[in-house]
Amino acid sequence: MGPMKNPPPVRRIVVDDEPTIVEPPKRRNGAAQTVKDAASGLLSAPRKREAKRGKVKERMRTEELGIAYAGKPAVKNVSLTVNQGEVLGLIGPSGCGKTTLLRSLNRLVDQTPTATRTGAIYLDDGDVDRLDVTELRRHVGMVFQQPNPFPMSVFDNVAYGLRERGSRRPSRAALRPMVEEALDRAGLLEEVKDNLTHPALRLSGGQQQRLCIARSLAVNPGVLLLDEPCSALDPRSTSIIEELVMKLRSDIAIVIVTHNLQQAYRVADRVGFMYLGDLVEYGDSDQVFGAPKAKRTREYVSGGFG
Amino acid sequence: MRRRFGLQKAGPRNSSDQRAELLLGALACVVLALIAGMIIFVFQKAWPSFSHNGLDWFNPFAGGNVDDQLTAIFESPGNPSQYVFTMHAWPLLYATALITICSVVIGVGFALLSAMFIVEFAPDALRRVLEPVVRLLAAVPSVIYGLIGILVLVPFVGNHIISQGAKDSVAGVVTLSGPSVGVGILILTVMITPIMIAIVVDALRAVPVGWREGSVSLGVNRWRAMWTVTVRAARPAIVAAAVLATARALGEAIMLSMVTGSVGFAPNPLDGIIYFVEPARPLAATIVDNSEGLSVPPFADTLYAFAAVLLVSAAFLSFGGWYIRRHLRRYTLSPI
Amino acid sequence: MRRSRRPQLSNLPRPRLPRRNREVLSDEEIVPWSIGDRIGLAAAWFSGLLLCAIAASIVLYMLIRGLQYVQLSALFEHPVVQSTTTITGTGGGYLDPIEGTLILTALGTLIALPIGVGIAVWLSEYARPAGLARAVESGVEIVAGTPTIVLAIFGLLIFSKSAFGFLSFTAEGGAVFGRSFFIAGMMMSVIALPLIVGATREALQSIPAHVREASYALGKDKISTIRRVLLPASRKGIATGTTLGMGRIAGDTAIVILLLGATLTLEKQGTTPVVSTLKGTGSTLTSYVYGNSPAGEGNSPAKAYAAAFILLMIVILMNFVVDLMSRRRSDPWAR
């Protein structure tokens, strides 16, 4: 090939021009946004829950609960109630102790050898320490942040809690209606009902998390603890699960830990704000988000930190 | 001049890289050459024994006393056309299979339970002691196990466990003096279990912690949670451990030759409880016991025939284990 | 899980648990721990304790017998062939078997190390074509599972051929003896090979990709990266594999019995200083123990116990070294 006839134009990058300064976008009011604006911004966001809710019944209660890991306190002096008929949201920045508090409700913190617990936790007015821990966990279920379906089929996953709790194994036929009911409550039945022997690990992330919820629901717990259930999921799966939570709250007491303020606002009826182990503010979500009493809460809710 | 853009073929970029790759590849082929060589040479040497005996080599009903046959082969006349090859090796095969299968079955159960104990139920102090102890036991040479067997267990069995009446009852067929199948199985189990424990413990610990937390928070007790989720997830590793242990048991020559007696005898289960104190001699031990005779060609061929059987079994074990593990992976995380 | 400042348990009410009327199992059948579970738990405890008991008894017994029969002076004496059958028969020491073990271990490891590391590097860094790589992987596994007696007998077969006469002793009439330290060392390297390959591969694969990428970005080609960056970083893994291999070599008896010529003392072949020992025959601690046990000819259990004790000490020492080397928990590659 000979030399090219029309070489492409050479672009020269001129480096000795003055740089153009870009103005920052002008604020609408011309001044910094106030806390009030931020809160009203939240309040005007679409809400998933109905404004009214039915009557509530207390299921669990903590009294001056304190948890420490190897002497360092993670949760200090927390007293709150978990009621059936409403969703309790626990919010706070990372490391504030909300996950530790959640895990103490089904005594999962007992697994950590260096953990100590003070104060009391009551399930239906009975002290949880008087109960065998496996019994407790049948009545207080938990869904984790990372979906963790077992390496079995969908049916076996949901039926797991029903099979492994007694002296004899129920037959598959006897379990089937209960499995289908749990899947229905979790909103997964339509998608998997054609093939319940599908390996659970091949479902999508959102489906796996709903499967974990179905698995917990199958043993009919009175309380369901959700530890940031949507943080590993895409927005569509997140909204499906949030609607699910709304549906379930009338017959199960639900506690949801989330670091996503908007999610807490959409879903929770009552909110507890934790900061460095203290329960700083605790009350109706309208009140905590709209008119927070503590300064810390105001700062957190307006996005000042965390 | 045309330049080709786009994806360049991934490869070494200069000649020294190419040379290095070829050299290392050749080194890797050494392994294949070794295996090929083993198969070719051993089978070539073993062929006369197989061809002279045909299927009677393996026939359970072919009869004959293995030791007598070995002596006859050893004493064959020097003329190659007059070599004696008669060998009905069933008693040896039976002894090998019996000892291997019994010790692996007991060993797998023992190893699984011990591994569960170490991972879940053992108190901390005990666990810190047990783990190095298991690794140590796995490293103890087989000759030391054999020594303890032959100096402690065999006389114990011979003098205390076998009654005189029992000895007299079978005196016509075989002498019961202590070296026996039972002692062999016992010591072999102790030998292969530590390796299995180490592999299974690693596998149990590698199961994702989310599964364990998930099962426990459903209200399932510790034993059930461990058994139905963790152990089940570790099944491929348990199979791998079992295959490894079987290969070790199959090839164990030294300890078994010290402990099971030098009689090529097939214990008859219909004899009753005496069964486990009757002597026997598996294939590998036979090779060791008779290694002096390698200078006599037909004898050497017979021994190579034994080695060929061992080689084939080891290869079968590898493939069988691989196949089972593949089948077990269906519900796990690998995207096959 | 410790508690503090708790109100008295007896004063507090027990929880009344909600009853559901759709249980598959009746109330009596839902129990935290069923009979099967309890049996399983008991079996696990029993296994664990039995394991402790067996380990303790083996170690203690060898310790007692060994200390009873070991004489430190005998460590440096040459063994003597004795026809005595008394259990405390002494006379003769263990110097040659100890030398034999050391020579054989060193030789086997020396041969296995470069080959093993080379194979591991090829499998982990090159592995082309894929079919060959799979075949080599399976090959290493098959070699790992082959009985040592089969390897020994194969070694005898190969090295008795006249082409290999230079490795051992050739009698008049052309028959190659086929047994010597060289030959035993080569077959010993085969049994150490899979351990070294496995450990090196693991070490290489645990080096994260960004280290390799950084080296390539600096313009180094693959082989220099391997030589200068990856192999030094895998030193710990290679050392672990090598020590495991050495332990396996030191403990093996079958290859020694068949391939080392079964002379009690080290017999040299020829006159060249080191090569003559390697071409010659001898014994190791393992064959010495075997020979002196009732299964061999010597029938002097005292010497067998003493040699076994020394062998056990060597193996424990190597195990301890491996433990120390793999003790480091921190991830050296954490960013």
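Model, not experiment: these values are computed from the prediction. We use all heavy atoms of the structure for the numbers below, so side chains are in, but hydrogens, waters and symmetry mates are not.
Across L23(B), D289(B), V152(B), V154(B), the residue that shares the most heavy-atom pairs under 4.5 angstrom with chain C is V152(B). Each of V190(B), L151(B), L303(B), L137(B) has some count of heavy-atom pairs under 4.5 Å with chain C, and the biggest count is that of L151(B). Heavy-atom pairs under 4.5 Å with chain C were tallied for S114(B), S257(B), A314(B); the largest tally goes to S114(B). With chain C as the partner, the residue from A20(B), A307(B), A28(B) showing the most heavy-atom pairs under 4.5 Å is A28(B). When each of E252(B), M116(B), R222(B), R135(B) is checked for heavy-atom pairs under 4.5 Å with chain C, R135(B) comes out on top. Among A300(B), A253(B), G25(B), the residue with the largest count of heavy-atom pairs under 4.5 Å with chain C is G25(B).
Neither the backbone nor the side chain of L317(B) has a heavy atom closer than 4.5 Å to any heavy atom of chain C. Contacts between V315(C) and chain B at a heavy-atom distance below 4.5 Å involve the side chain alone, from C-beta outward. Of the atoms belonging to I257(C), it is side-chain heavy atoms, and not backbone ones, that fall under 4.5 Å from chain B. Using a 4.5 Å cut-off between heavy atoms, L27(B) contacts chain C through both its backbone and its side chain. For L112(B), no part lies under 4.5 angstrom from a heavy atom of chain C. With a threshold of 4.5 angstrom between heavy atoms, M318(C) does not approach chain B through any atom at all. Interface residue N319(C): only side-chain heavy atoms are found under 4.5 Å from chain B. Within the 4.5 angstrom heavy-atom criterion, atoms from both the backbone and the side chain of A139(B) approach chain C. With a 4.5 Å cut-off on non-hydrogen atoms, V42(B) touches chain C through its backbone and its side chain both. With a 4.5 Å cut-off on non-hydrogen atoms, Y145(B) touches chain C through its side chain but not through its backbone.
Between the side chain of Y304(B) and the backbone N or O of I153(C), at least one donor-acceptor pair lies under 3.5 Å. Here the side chain of T96(B) pairs a donor or acceptor atom with the backbone of L283(B) at under 3.5 angstrom.
For the side-chain contact (heavy atoms from CB on, under 4.5 Å) criterion with V190(C), the lone passing option out of L34(B), V30(B), V31(B) is L34(B).
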Stepwise, does the side-chain contact (heavy atoms from CB on, under 4.5 Å) test hold for I35(B) with T146(C)?
-> CA-CA 10 Å; I35(B) 296 178; T146(C) 311; over 6 Å; no

Stepwise salt bridge (Lys or Arg N to Asp or Glu O under 4.0 Å) test for K222(C) and E125(C) = CA-CA 9 Å; K222(C) 199 159 189 171; E125(C) 305 295 319; 5.4 Å; no

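In this structure, Y305(C) and Y61(C) have perpendicular ring planes: the angle between them is above 60°, well past the 30° mark.
Along residues 242-249 of chain B, the residues that come nearer than 4.5 angstrom to chain C, judged on non-hydrogen atoms, are A247(B) in order of number.
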